[in-house]
Amino acid sequence: MPELPEVDAVKESLKKQILNKTIRQVDVTWPSMVKHPEDRKRFEQMLVHQTIQDIDRKGKFLIFRLDDYALVSHLRMEGKYFVYTEEEPKDKHTHVIFRFNDGSSLHYNDVRKFGTMHLFDNGREHEEKPLSQLGPDPVEEHFTGEYMQKRLQKTTRRIKPVLLDQSVVAGFGNIYVDETLYRAKIHPERLSPSLSEEEVERIVAEGKKVIREAMEAGGSTIRSYARSDGAQGEFQTRLFVYGKEGEPCPGCKRPIMKTKVGGRGTHLCYYCQE
DNA sequence: GCGGCGACCTGTGCGC
DNA sequence: TGCGCACAGGTCGCCG
């Protein structure tokens with residue numbers, strides 16, 4: 001999936017395409033992706049006659065702001081949105097279709113069916129799971145060295161799983177955590193309490209930079225991720241370690257290694273990251 | 001509270 | 001060419 005920068009690119013692209021459109025009909029063909037309300041018929045009915053007023057993002061979640069409701073969408077690993085101006089046959093991996101009054105439509109496509117949708121009354125979305133659980137965005141001012149120090153003091157976990165924990169900071173996924181720790185020269189298995197103030201500052205600063213640069217580049221495009229306008233992110237050309245197993249480390253020229261940390265594939269340079 | 005694992009799904013790429 | 005297997009960007013829930 002799309003991590004924060006990819007979701008942001010999707011948000012911007014969708015805003016250009018579907019803002020102010022009014023929903024005529026919704027078809028859910030994979031009911032278990034709708035988590036709230038539990039009844040998919042009710043979900044479909046609630047959305048009829050609603051106009052897309054705005055589209056927001058919090059962490060990796062997209063929030064479609066409608067007249068009366070907020071639709072919270074998570075793309076998980078491979079979710080994609082496609083906008084069609086005319087009637088378009090349903091792809092075998094399309095699971096939700098939003099048809100608009102003007103004949104255009106928005107298709108949610110997800111090969112692995114991991115994506116989720118929640119529909120809440122306007123204003124309730126931040127009080128309910130999943131949004132209520134999220135920590136600050138890495139690009140928010142609230143994400144500071146001081147904040148991270150506090151969070152890291154409370155735990156004995158290793159730094160990588162902590163950065164992946166969306167209740168600590170919302171938006172890092174496997175790719176950008178590996179990139180951040182490489183740039184900050186920190187080993188992903190370092191225990192949180194062992195990190196010095198200066199090291200935590202470095203992680204926060206590099207993390208913000210990685211995410212900002214990736215947002216400016218429109219995200220990284222790995223295998224299946226696509227923006228709804230078909231454009232592709234450029235950031236993958238600037239990855240230092242993710243997917244670079246065996247290639248020389250840009251710093252010391254020794255090979256980038258791949259290992260597992262907390263069950264997740266992890267790329268690093270054993271010499272440059274301590 | 002923590003790590004580890006399976007579950008949720010399908011597709012791809014590899015070795016044989 | 002075909003088969004079986006490991007693995008994939010995320011998250012949740014269960015277990016010890």
Side-chain angles (χ1 to χ4, degrees), chain A residues 1-10 29-36 38 57-62 72-81 91-96 108-118 128-135 138 150-182 188-194 207 210-211 214-215 217-227 232-233 235-236 238-246 258-267:
Chain A
M1 170 208 65
E3 301 183 26
L4 186 154
E6 289 74 25
V7 177
D8 209 74
V10 171
T29 48
W30 186 258
S32 56
M33 73 164 297
V34 176
K35 303 296 181 189
H36 189 273
E38 283 179 24
R57 178 192 59 70
K58 170 80 187 172
K60 303 174 196 173
F61 289 87
L62 282 169
V72 178
S73 163
H74 197 304
L75 308 172
R76 293 287 179 96
M77 311 277 248
E78 308 200 6
K80 293 180 270 293
Y81 279 105
D91 177 88
K92 91 176 184 189
H93 299 305
T94 291
H95 310 306
V96 183
Y108 177 73
N109 187 287
D110 188 342
V111 169
R112 289 173 75 183
K113 299 177 174 163
F114 280 2
T116 60
M117 290 188 190
H118 293 75
E128 308 255 7
K129 281 187 187 179
L131 296 187
S132 62
Q133 309 286 79
L134 297 181
K150 271 192 203 142
R151 295 300 304 246
L152 293 173
Q153 279 164 11
K154 285 191 212 162
T155 184
T156 56
R157 301 159 83 188
R158 295 165 296 175
I159 185 63
K160 174 159 178 171
V162 174
L163 288 174
L164 284 172
D165 183 339
Q166 304 295 298
S167 71
V168 174
V169 51
F172 287 108
N174 210 25
I175 300 175
Y176 296 121
V177 165
D178 282 2
E179 292 300 312
T180 295
L181 292 174
Y182 172 77
E189 295 188 280
R190 280 284 295 283
L191 297 178
S192 298
S194 80
V210 166
I211 296 288
M215 282 171 85
S220 306
T221 306
I222 309 289
R223 203 153 61 89
S224 58
Y225 153 72
R227 262 160 48 174
Q232 306 223 317
F235 194 73
Q236 79 279 10
R238 298 192 226 159
L239 298 175
F240 289 128
V241 288
Y242 188 85
K244 306 285 185 190
E245 185 185 7
K258 186 174 179 190
T259 177
K260 280 210 176 200
V261 178
R264 307 297 305 277
T266 297
H267 307 76

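Proteins come first, then strands; the chains are lettered A, B, ... in the order of their sequence lines, and each starts at number 1.
Remark: B:dC2 base-pairs with C:dG16. Criterion, Watson-Crick or G-U wobble with two distances under 3.5 Å. Of all nucleotides present, none satisfies the Watson-Crick or G-U wobble test against B:dC9 with each distance under 3.5 Å.
Side-chain atoms of A:Lys60 come within 3.5 Å of backbone atoms of A:Phe172 as a donor-acceptor pair (strictly under, hydrogens ignored). With hydrogens and angles disregarded, a donor-acceptor distance shorter than 3.5 Å links the side chain of A:Glu179 to the backbone of A:Tyr242. Under a 3.5 Å cut-off, the side chain of A:Arg157 and the backbone N or O of A:Ile159 do not form any donor-acceptor pair. Side-chain N or O atoms of A:His267 include one that pairs as donor or acceptor with a backbone N or O of A:Gly243 at under 3.5 Å. A donor-acceptor pair under 3.5 Å links the side-chain atoms of A:Glu3 to the main chain of A:Gly173, judged by distance alone. Here the side chain of A:Glu6 pairs no donor or acceptor atom with the backbone of A:Met215 at under 3.5 angstrom.
In this entry the distance linking NZ of A:Lys258 with P of C:dG9 reads 7 Å, nearest Å. Spacing between atom CD of A:Glu245 and atom P of C:dG9 amounts to 12 Å, rounded to whole angstrom units. To the nearest angstrom, P of C:dC7 lies 18 Å from CD1 of A:Ile175. Going from atom NE2 of A:His267 over to atom P of C:dA8 covers 8 Å, rounded to whole Å. One interatomic measurement links the two molecules: NZ of A:Lys113 to C1' of B:dG11, which rounds to 13 Å at whole-angstrom precision. The distance between atom CZ of A:Arg264 and atom C1' of C:dC7, rounded to the nearest whole Å, is 12 Å. In this entry the distance linking CZ of A:Phe61 with C1' of C:dG9 reads 15 Å, nearest Å. A:Arg112 has its CZ atom 16 Å from the P atom of C:dC12, to the nearest Å.
Put simply, the side chain of A:His36 does not reach to within 4.5 Å of the side chain of A:Val72, judged on heavy atoms. Side-chain contact check for A:Asp178 versus A:Lys160: some heavy-atom pair is nearer than 4.5 Å.
Using a 4.0 Å cut-off, some side-chain N or O of A:Lys92 falls inside it from OP1 or OP2 of B:dG11. Dashed line: the shortest gap from a side-chain N or O of A:His93 to OP1 or OP2 of B:dG11 is under 4.0 Å. Residue A:Lys154 has no polar side-chain atom (N or O) positioned under 4.0 Å from OP1 or OP2 of B:dC2. An OP1 or OP2 oxygen of B:dC8 is reached within less than 4.0 angstrom by no side-chain nitrogen or oxygen of A:Ser32. Side-chain nitrogen and oxygen atoms of A:His74 include at least one within less than 4.0 Å of the OP1 or OP2 phosphate oxygen of C:dT11. Put simply, A:Lys60 has a side-chain N or O that comes within less than 4.0 Å of OP1 or OP2 on C:dT11. In this structure, A:Gln166 reaches the C:dT11 phosphate: one of its side-chain N or O atoms is under 4.0 Å from OP1 or OP2.
Here, B:dC8 and C:dC3 have their C1' atoms 25 Å apart, quoted to the whole Å. One P atom belongs to C:dA6, the other to B:dC5, and the distance between them is 14 Å to the nearest Å. Atom P of C:dC5 sits at a distance of 16 Å from the matching atom of B:dG6, rounded to the whole Å.
Ring-base stacking between A:Phe114 and B:dC8 is satisfied, the centre separation being under 5.5 Å and the plane angle under 30°.
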Write down the protein N/O and nucleotide N/O pairs, taken from nucleotides 3-7 of chain B, whose separation is under 3.5 Å; answer none if there are no such pairs.
unit_1	atom_1	unit_2	atom_2	d
B:dG3	OP2	A:Arg157	NE	3.3
B:dG4	OP2	A:Arg158	NH2	3.2

